[in-house]
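Worksheet for the structure shown next.
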Protein chains: 4
Amino acid sequence: MKKTTKLKEILHSPKTEFLMEAHNGLSAKIVEEAGFKGIWASGLSMSASLGVRDNNEASWTQVVDILEFMSDSTRIPILVDGDTGYGNFNNARKLVKKLEIIGLAGVCIEDKLFPKTNSFINGKAQPLASIEEFCGKLKAMKDTQIDPDFMVVARVEAFIAGWGLKEALKRAEAYRQAGADAVLVHSKESHVNEIKAFMKEWNNRHPVVIVPTKYYLTPTVEFEKMGISTVIWANHNLRASVTAMQAISKQILKEQSLIQVEKSIASVDEIFRLQNAEELQLAEKKYLPKNHTEQGTE
Amino acid sequence: MKKTTKLKEILHSPKTEFLMEAHNGLSAKIVEEAGFKGIWASGLSMSASLGVRDNNEASWTQVVDILEFMSDSTRIPILVDGDTGYGNFNNARKLVKKLEIIGLAGVCIEDKLFPKTNSFINGKAQPLASIEEFCGKLKAMKDTQIDPDFMVVARVEAFIAGWGLKEALKRAEAYRQAGADAVLVHSKESHVNEIKAFMKEWNNRHPVVIVPTKYYLTPTVEFEKMGISTVIWANHNLRASVTAMQAISKQILKEQSLIQVEKSIASVDEIFRLQNAEELQLAEKKYLPKNHTEQGTE
Amino acid sequence: MKKTTKLKEILHSPKTEFLMEAHNGLSAKIVEEAGFKGIWASGLSMSASLGVRDNNEASWTQVVDILEFMSDSTRIPILVDGDTGYGNFNNARKLVKKLEIIGLAGVCIEDKLFPKTNSFINGKAQPLASIEEFCGKLKAMKDTQIDPDFMVVARVEAFIAGWGLKEALKRAEAYRQAGADAVLVHSKESHVNEIKAFMKEWNNRHPVVIVPTKYYLTPTVEFEKMGISTVIWANHNLRASVTAMQAISKQILKEQSLIQVEKSIASVDEIFRLQNAEELQLAEKKYLPKNHTEQGTE
Amino acid sequence: MKKTTKLKEILHSPKTEFLMEAHNGLSAKIVEEAGFKGIWASGLSMSASLGVRDNNEASWTQVVDILEFMSDSTRIPILVDGDTGYGNFNNARKLVKKLEIIGLAGVCIEDKLFPKTNSFINGKAQPLASIEEFCGKLKAMKDTQIDPDFMVVARVEAFIAGWGLKEALKRAEAYRQAGADAVLVHSKESHVNEIKAFMKEWNNRHPVVIVPTKYYLTPTVEFEKMGISTVIWANHNLRASVTAMQAISKQILKEQSLIQVEKSIASVDEIFRLQNAEELQLAEKKYLPKNHTEQGTE
């Protein structure tokens with residue numbers, strides 16, 4: 001089954017499904033091996049791993065380069081956090097073309113302005129895109145895709161920007177009508193009330209995706225009851241890796257030795273396994289000369 | 001002080017110094033914050049994080065792109081594992097030009113053939129470059145650099161390839177005479193005997209760098225007694241991050257909830273801090289219009 | 001003399017100076033060899049040579065990659081057409097950092113919105129950036145540059161957008177006060193009247209750059225009389241190459257032979273000369289083993 | 001019809017077919033518009049246009065980036081000059097994967113060593129790859145491709161390296177048996193004798209491609225009589241563009257005016273047409289809000 005079709009099935013599944021965050025080829029492979037059905041390529045995580053901010057400091061082609069490595073190293077579908085589409089409808093439709101050829105399953109765009117700011121950054125209320133402009137962008141993206149199963153998810157930032165339920169519903173409905181395959185309703189509250197209110201009014205008219213980073217205390221059974229299509233665990237691999245690297249770096253600095261740390265971390269052979277080194281060794285037997293001095297004319 | 005000068009001081013320090021591995025902008029920043037004086041940009045780690053093998057599957061410009069992010073996010077010097085220089089002397093000297101402009105402090109090249117294979121991969125003995133060819137490469141690199149403090153380290157793979165002490169010494173001396181600023185003597189034994197034998201004969205005639213990944217049980221005090229200039233902890237941040245991500249992915253898959261994991265991992269605010277989000281918020285106050293709504297909702 | 005200082009001298013020269021368009025490493029070298037003092041890296045030309053539109057379809061890092069090749073192959077200063085800075089002040093200041101490390105001498109940004117549209121494309125009047133927002137961008141760029149001689153040129157699109165002389169003067173003065181090293185006043189009229197009117201009121205208070213693509217019939221002596229600092233011949237290498245390639249392609253298709261075309265085009269040796277192949281041949285003698293079978297262990 | 005199938009038909013056509021050189025998206029489009037059936041993405045031309053040498057100074061991913069722009073701007077098939085495959089069989093098969101996803105129709109690799117030297121560069125005889133190693137590379141490439149019509153052409157450098165007819169035939173046959181879809185027999189003589197002798201012995205057992213850059217005086221009817229499958233006009237767009245740009249740059253420098261040159265070069269509107277600016281204007285009407293002011297002036 002195509003990756004796009006797999007993501008489509010996740011979004012349309014009768015039960016609540018889950019996507020796990022990854023930010024490079026390695027973490028994508030780890031998500032796949034853990035058993036998840038799909039990957040969330042997080043904009044926050046990808047930018048953080050590069051060492052830059054979640055404000056479109058990395059160019060869109062640098063993001064696509066990361067996604068290509070992620071796609072190459074996995075078979076499960078990847079939904080990418082495409083920010084605002086990196087500009088207007090024309091940039092967004094160009095993005096769709098590139099994502100399709102590298103094997104991405106879908107893209108989520110948010111109704112903010114380029115360059116974006118992370119939704120959890122405190123500060124002044126973030127301005128939203130006009131509904132008309134954002135719907136035009138969604139239409140352009142859907143008109144551009146070649147594979148009919150490529151998924152375009154519309155992220156509603158109305159709650160984030162402080163506009164309330166009415167605006168969230170109005171936008172979600174407009175995006176649905178414009179052709180979005182699902183809506184992602186985002187909230188930065190520590191409780192699930194905004195989402196709950198939305199779901200009640202929404203009445204299952206189209207798949208809804210959520211990101212419970214801030215309202216993480218809500219039991220998943222509640223999401224299921226509300227009829228949530230897909231839950232995204234949005235940045236936890238990155239955050240786990242940060243904690244681990246900070247700890248190991250401090251420990252090695254202090255102990256000036258590897259003796260204590262060796263058994264607490266993955267072996268070098270495990271790294272080789274994740275890289276699929278074995279396949280290359282077999283291929284060398286198949287494709288390299290027996291008496292391989294590499295080269296030299298005859 | 002320039003990053004290159006800082007690395008030069010590390011290599012020439014009377015006491016044993018340490019470099020810690022990083023593989024992207026984020027891990028580089030973590031190494032710096034932990035308190036290390038310098039960073040080892042590991043070829044194994046960078047390739048693994050991309051999801052490809054340590055066999056020059058990533059192009060040399062893709063590696064340079066990673067290094068640029070690492071350099072931009074840190075102030076301590078970075079020594080990069082430059083494999084074989086990605087081809088002949090001409091590729092290697094072009095690499096030096098690019099590394100200098102992005103602010104790398106030095107590069108280590110190894111006397112193997114392009115494309116390289118990781119030194120710890122089992123299989124047939126890996127062929128070495130001829131001494132003459134490798135010395136020409138070192139000379140070309142040293143002749144190319146603009147900053148006199150840019151460091152070129154020559155990695156001797158004679159022990160790895162099974163050629164023994166005599167060949168290791170011969171090569172190290174040839175590389176020293178060709179202009180290398182230090183030699184990295186590599187060993188895949190689980191004990192330190194090869195290195196010890198080398199150091200005894202070498203008699204401190206030039207800085208020696210080691211990578212005790214396999215002989216990690218050797219106490220650092222022994223390295224100091226031998227007169228080792230610099231010890232590289234070569235891949236431990238990557239390996240720690242793998243263990244952490246594998247664990248968190250499995251836990252979240254199983255628990256279908258974030259409740260248990262939230263406190264075991266870095267907070268989202270800690271990610272923002274590592275990205276230096278605060279500087280941007282201050283800059284927005286300085287450079288953006290006061291009533292900056294850009295575009296409002298309808 | 002640094003490339004930045006060279007460009008500064010061009011902009012401040014008492015007589016009218018000229019920049020010639022280039023769009024890749026090859027054309028940049030040709031401009032230098034022809035005898036020009038500086039290069040204009042045109043956004044239109046760079047996008048057209050890639051085969052995309054002048055609407056920020058190429059990412060800003062793809063543009064920087066082109067500029068790096070141009071800078072590497074020349075010694076004269078390059079002023080790049082930086083469109084709007086590819087986003088807000090933060091994107092623009094990041095651009096400055098990257099341009100400085102690859103050896104660009106300066107950047108020109110225009111007071112339009114991202115993504116941009118070419119100023120000569122017919123259609124609805126193009127919206128302009130607010131003065132306050134654009135001045136903040138200029139300040140951020142000037143505050144970011146490390147080399148004090150790096151030039152930031154502010155392009156005034158008021159005439160292009162149909163706002164007239166008063167707005168053009170108001171903006172030019174605001175940009176001057178915000179720190180721009182020169183202003184580029186753009187006009188799409190086929191006569192020079194807009195520019196003339198501007199220059200009369202401007203009264204030489206700061207260097208003015210012009211792009212007479214549309215009012216090409218105006219003799220250069222008139223520009224000199226007006227006190228124009230620098231004239232940009234903005235796209236003529238690209239346009240000449242298009243004409244030549246269209247003609248040669250058609251001729252070869254029709255004749256199914258190279259006999260007639262061989263003498264009308266540069267020789268293969270001339271291409272090698274432009275690539276500086278000779279230096280590599282000399283370097284091979286210096287750095288490659290005498291009996292060069294390339295490799296093989298000893 | 002797929003681009004790959006189109007190229008396959010060209011190579012298997014009963015009459016002699018022609019490929020015309022291009023080196024970026026713009027020249028590729030010009031080749032297509034001229035009426036050619038296919039494009040040769042020349043290694044010499046691509047490197048020269050970047051401003052670097054034809055010695056693998058550009059990385060293989062930088063070449064792939066160029067090819068992607070070329071593929072995106074055209075519908076006719078592109079056969080790329082893939083040098084040696086940029087390393088061993090593993091690099092070459094990775095290249096095939098990337099070429100397929102960006103829509104290339106085929107790749108030609110040559111039996112030399114990485115990094116390559118242009119076949120027309122004077123100097124010492126260039127070493128060849130061993131037959132066994134090169135056949136393993138071809139097999140790996142053919143085993144990797146997903147689309148069965150993707151073409152792998154094996155370039156025989158035996159004549160270039162001075163090994164004569166017997167070696168050329170031996171290699172061509174070995175490459176045919178290893179799975180190459182065609183062989184490219186290269187010669188740097190100013191007459192066609194080497195090719196003629198080869199074709200006589202070869203006896204049409206597999207498609208043969210030639211590059212008559214040096215023996216350009218040979219009438220094409222002779223190639224047809226010999227049974228040549230495909231003739232590559234290998235670098236003539238680049239060479240025509242160089243001549244045109246050198247002339248126009250010198251003229252503008254001297255005349256300090258555009259008056260004389262304007263009519264001799266493509267118009268700005270012709271550049272817009274080549275960029276397909278019109279499609280975007282139509283799309284803006286479709287996807288942008290009616291009253292799209294985005295942001296007004298003050």
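Letters A, B, ... are given to chains in the order of the sequence lines, protein chains preceding strands, and every chain is numbered from 1. Just so it is clear, the values below take in all heavy atoms, side chains as well, and ignore hydrogens, waters and symmetry mates.
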Does the side-chain contact (heavy atoms from CB on, under 4.5 Å) test come out yes or no for D:Q62 and D:L67, once each step is laid out?
CA-CA 9 Å; D:Q62 289 177 318; D:L67 295 171; over 6 Å; no
Partner chain C: residue of [options] with the largest heavy-atom pair count (under 4.5 Å):
options: D:S241, D:S49, D:G51; value: D:S49
options: D:H236, D:K250, D:E21, D:M20; value: D:H236
options: D:G25, D:A266, D:S267; value: D:A266
options: D:A277, D:A247, D:A28; value: D:A277
options: D:A244, D:S249, D:A34; value: D:S249

Compare all side-chain heavy atoms of D:F36 with those of D:L19 and state whether any distance is below 4.5 angstrom.
no
Close side-chain approach of D:T16 to D:T230, heavy-atom, < 4.5 Å:
no
Is D:K37 salt-bridged to D:E17, going by a charged N under 4.0 Å from an acidic O?
yes
Can D:E157 and D:K116 be counted as an ion pair, charged N to O under 4.0 angstrom?
no
Are D:F114 and D:Y86 near enough that their ring centres are under 6.0 Å apart?
no
Quick one: are the ring centres of D:F69 and D:H23 less than 6.0 Å apart?
no
Which of residues 251-260 of chain C have a heavy atom under 4.5 Å from any heavy atom of chain D?
C:I252, C:L253, C:Q256, C:S257, C:L258, C:I259
Region of C:I271 that comes under 4.5 Å of a non-hydrogen atom in chain D
side chain
Name the region of C:F18, side chain, backbone, both or neither, that has any atom closer than 4.5 Å to a heavy atom of chain D.
side chain
Does the [X] side chain pair with the main chain of [Y], one donor and one acceptor, at a distance under 3.5 Å?
X: D:Q275; Y: C:V52; result: yes
X: D:Q126; Y: D:N118; result: yes
X: C:K137; Y: C:T84; result: yes

If you count heavy-atom pairs under 4.5 Å with chain D, which of [options] comes out on top?
options: C:N276, C:N235, C:V31; result: C:N276
options: C:N237, C:T243, C:D111, C:L280; result: C:N237
options: C:L50, C:V221, C:L274, C:N55; result: C:L50

Non-hydrogen atoms of chain C under 4.5 Å away: do they reach the side chain of [X], the backbone, both or neither?
X: D:D72; answer: neither
X: D:E32; answer: neither
X: D:E68; answer: neither
X: D:N24; answer: both
X: D:S73; answer: side chain

Shortest non-hydrogen contact from D:S187 to D:Y215?
O-CE2, 3.8 Å
Between D:L113 and D:A129, which heavy-atom pair has the shortest distance, and what is it?
CD2-CA, 3.7 Å
Part of residues 38-47 of chain D lying next to chain C, heavy-atom separation under 4.5 Å:
D:L44, D:S47
For C:R273, which residues count as a salt bridge (charged side-chain N to carboxylate O under 4.0 Å, His left out) partner, sequence neighbours excluded?
C:E33, C:E270
Please name all residues satisfying salt bridge (charged side-chain N to carboxylate O under 4.0 Å, His left out) with D:K214, sequence neighbours left out, ordered by chain then number.
none
Please tell me whether D:S119 and D:K112 have a donor and an acceptor in their side chains that are separated by less than 3.5 angstrom.
yes
CD (C:E222) with more than 12 external heavy atoms under 6.0 Å:
yes
Check the pair C:R53, D:E279 against salt bridge (Lys or Arg N to Asp or Glu O under 4.0 Å), reporting the backbone distance first and the verdict last.
CA-CA 10 Å; C:R53 300 186 192 97; D:E279 191 278 339; 2.8 Å; yes
